[in-house]
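Take a look at the structure set out below.
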Amino acid sequence: MAALTLEQVSKIYREKGKPDNRAVKSLNMSIHDGEIISLLGSSGCGKTSTLRMVAGFESVSEGSIRLGERVLNDLKPAERNVAMAFEGYALYPPLTVRDNIAFSLLRGKTPAAEVQRRVAHVAALLEITDILDAYPPTLSGGQQQRVSLARALVRQAELYLLDEPMSQLEPQLRAVLRGRIKEYLIEHRMTSVFVTHDQTEAVALSDRIAVMSGGVLQQFASPEDLKERPANLFVAGFIGEPAMNLLPARLHLDGGELRAVVTAHGSTAAALSVHFGPLARLPEAQAMALHEGQAVHLGVRPHKVRLGSTHSAQGTESAAQGQLSFNQWQGDQSHVGVELGGHTLLVVTDGAVDLAEGAPVNLALPLSALHLFDSASEQALVHGADLR
Ligand SMILES: Nc1ncnc2c1ncn2[C@@H]1O[C@H](COP(=O)(O)OP(=O)(O)O)[C@@H](O)[C@H]1O
Ligand SMILES: [Mg+2]
């Protein structure tokens, strides 16, 4: 096992007659020995390109990739001691599933009995024991994908790269295998990089998640930090379902107190005024980034807003009054829209809500769950969680 380091890594695809496509832009990442991480982002954001550069199936256009002390850039894939499961399986059709999985071990010096033991173990883990004697062309997509995954996991490599390894599986099987794979990776202390566009999967599997958009790393942090301390508006809106409410607001710093005011559409009246408390509570560098009248976005997750409370806890919550604009029972929770001076705030609550459209609604916003982002730079300014 070893640590993986990417320094200023870029991938530029050049095709004749087309402008250069910068698919990965100056990526800096350091993955610890034995750590499990995910590259998470929408289709086309550069996840597979990044993985293929690490595996050696794409050249590194700029920057350097190191595994432990070794620079990988100019090594052939087979010289890297990296195991990879591809999106497109790439199994050998003339070999049985058993031999496909054992292939890399048979080329090495692993004793035959040990090879059989390890193949049997990963096959059981991924529920493909019954197809060990079948040939790849006779298998479903989901089965082929698990064979491809087994072939990577069975190896004793320094690094495991798994590109959407469960995308073809039914959700239930996926959830079960996810748990088992994680245990297996931890047990064997395998440094691993998953690629996924599914945040539930990334959260369930990873120690840290690298959120990518447009070839740029947006934030590389634990699932908890991505939720509680999103680095910018992109991450705030991308992580969490349903998405974080983001309301345009202005900062007021009068009397050394930090306030954020959301004004009602077409008026100067406040639709929502949040008192964060004394500026002095913030670290100096953070306070310096704030100024009077600054255009910001005020963020709060739909699950964090308390509905229907007529009083708010002094100093730890902010109160607001709005009007109910919709009320949808989702079978296990309610999605409630509350209109505040022309802005709609989504609230998610566990129980059913007995309120009709147009009804007045009281809200309590816990300060610890509020976020401020600079509207111009889109970078985070203050996380309520850090003021606790
Ligand atoms: N072999 C290639 N040649 C040219 N462009 C490519 C190639 N592979 C990927 N791209 C482009 O690079 C960008 C990132 O793709 P990719 O790394 O596959 O993203 P993801 O895995 O996140 O969906 C996309 O714009 C894609 O069209
Ligand atoms: Mg991909």
Side-chain angles (χ1 to χ4, degrees), residues 4-29 31 36-65 72-74 76-77 80 82-91 141-142 144-149 151-153 159-169 171 174 177-178 181 192-206 208-221 223 226 230-232 234-235 237-239 241:
L4 175 70
T5 312
L6 281 71
E7 262 173 32
Q8 293 290 109
V9 170
S10 295
K11 180 68 203 177
I12 304 161
Y13 292 107
R14 295 196 166 92
E15 287 177 75
K16 267 199 187 129
K18 286 192 185 170
D20 285 357
N21 180 3
R22 202 170 258 271
V24 178
K25 297 168 185 156
S26 305
L27 199 56
N28 286 305
M29 284 174 72
I31 297 146
I36 305 170
I37 74 124
S38 291
L39 302 180
L40 174 67
S42 316
S43 178
C45 74
K47 306 180 297 293
T48 295
S49 298
T50 303
L51 220 60
R52 289 177 59 84
M53 285 191 283
V54 177
F57 298 109
E58 281 293 346
S59 62
V60 180
S61 309
E62 292 171 4
S64 80
I65 301 179
L72 297 185
N73 288 46
D74 298 321
K76 294 194 181 75
R80 296 188 181 201
V82 169
M84 177 160 176
F86 299 92
E87 269 175 300
Y89 325 134
L91 303 174
Q144 293 191 40
Q145 194 168 38
R146 279 176 284 161
V147 176
S148 171
L149 181 54
R151 193 176 50 177
L153 293 182
L159 176 67
Y160 297 80
L161 305 175
L162 308 167
D163 194 349
E164 309 257 9
M166 288 177 278
S167 59
Q168 300 294 318
L169 308 184
R174 219 164 137 155
L177 295 192
R178 203 184 273 157
I181 291 168
S192 317
V193 181
F194 279 88
V195 158
T196 178
H197 60 268
D198 176 350
Q199 52 178 289
T200 312
E201 186 154 295
V203 167
L205 283 167
S206 326
R208 285 190 296 163
I209 299 172
V211 179
M212 292 179 71
S213 172
V216 177
L217 178 64
Q218 303 290 322
Q219 189 172 3
F220 185 25
L226 290 179
N232 56 37
F234 178 85
V235 176
F238 186 75
I239 298 287
E241 255 289 308

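In this chain, numbering begins with 1 at the start of the sequence shown. Side-chain atoms are counted along with the backbone in the values below, which use heavy atoms only and exclude waters and symmetry mates. For ligands, and for the atoms within them, numbers begin at 1 and follow the listed sequence.
Side-chain atoms of Val195 and Ser38, non-hydrogen and from C-beta on, never get closer than 4.5 Å to each other. Put simply, the side chain of Val24 does not reach to within 4.5 Å of the side chain of Ser10, judged on heavy atoms.
Donor-acceptor pairing under 3.5 Å is lacking for the side chains of Ser64 and Asn73. In this model, no donor atom of one side chain and acceptor atom of the other lie less than 3.5 Å apart for Gln219 and Asn232.
Nearest heavy-atom pair, Leu169 versus Gly142, reported as atom, atom and distance to 0.1 Å: CD2-O, 3.4 Å. The two residues Ala55 and Val82 come nearest to each other via the heavy atoms CA-CG1, 4.4 Å.
Ionic pairing of Glu62 and Lys11 is not present here: no N-O contact between side-chain nitrogen and carboxylate oxygen is shorter than 4.0 angstrom.
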Inset, instruction - Please lay out, stage by stage, how Ser49 and Tyr13 fare under the test side chain to side chain donor-acceptor pair (under 3.5 Å). - result: CA-CA 10 Å; Ser49 298; Tyr13 292 107; 2.7 Å; yes
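Legend: protein N/O/S atoms lying under 2.8 Å from the Mg ion (ligand 2), waters omitted, number 1.
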Note down each nitrogen or oxygen pair, ligand 1 side and protein side, whose separation is under 3.5 Å; give only atom names and the distance to 0.1 Å.
unit_1   : atom_1 : unit_2 : atom_2 : d
ligand 1 : 8 (N)  : Tyr13  : OH     : 3.3
ligand 1 : 17 (O) : Ser49  : N      : 2.9
ligand 1 : 17 (O) : Ser49  : OG     : 2.6
ligand 1 : 19 (O) : Gly46  : N      : 3.2
ligand 1 : 21 (O) : Thr48  : N      : 2.9
ligand 1 : 21 (O) : Thr48  : OG1    : 2.8
ligand 1 : 22 (O) : Cys45  : N      : 3.2
ligand 1 : 22 (O) : Gly46  : N      : 3.1
ligand 1 : 22 (O) : Lys47  : N      : 2.9
ligand 1 : 22 (O) : Lys47  : NZ     : 2.8
ligand 1 : 23 (O) : Gly44  : N      : 2.6
ligand 1 : 25 (O) : Asn21  : ND2    : 3.4

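Residues Phe194 and Tyr160 place their aromatic rings such that the two centres sit no closer than 6.0 Å.
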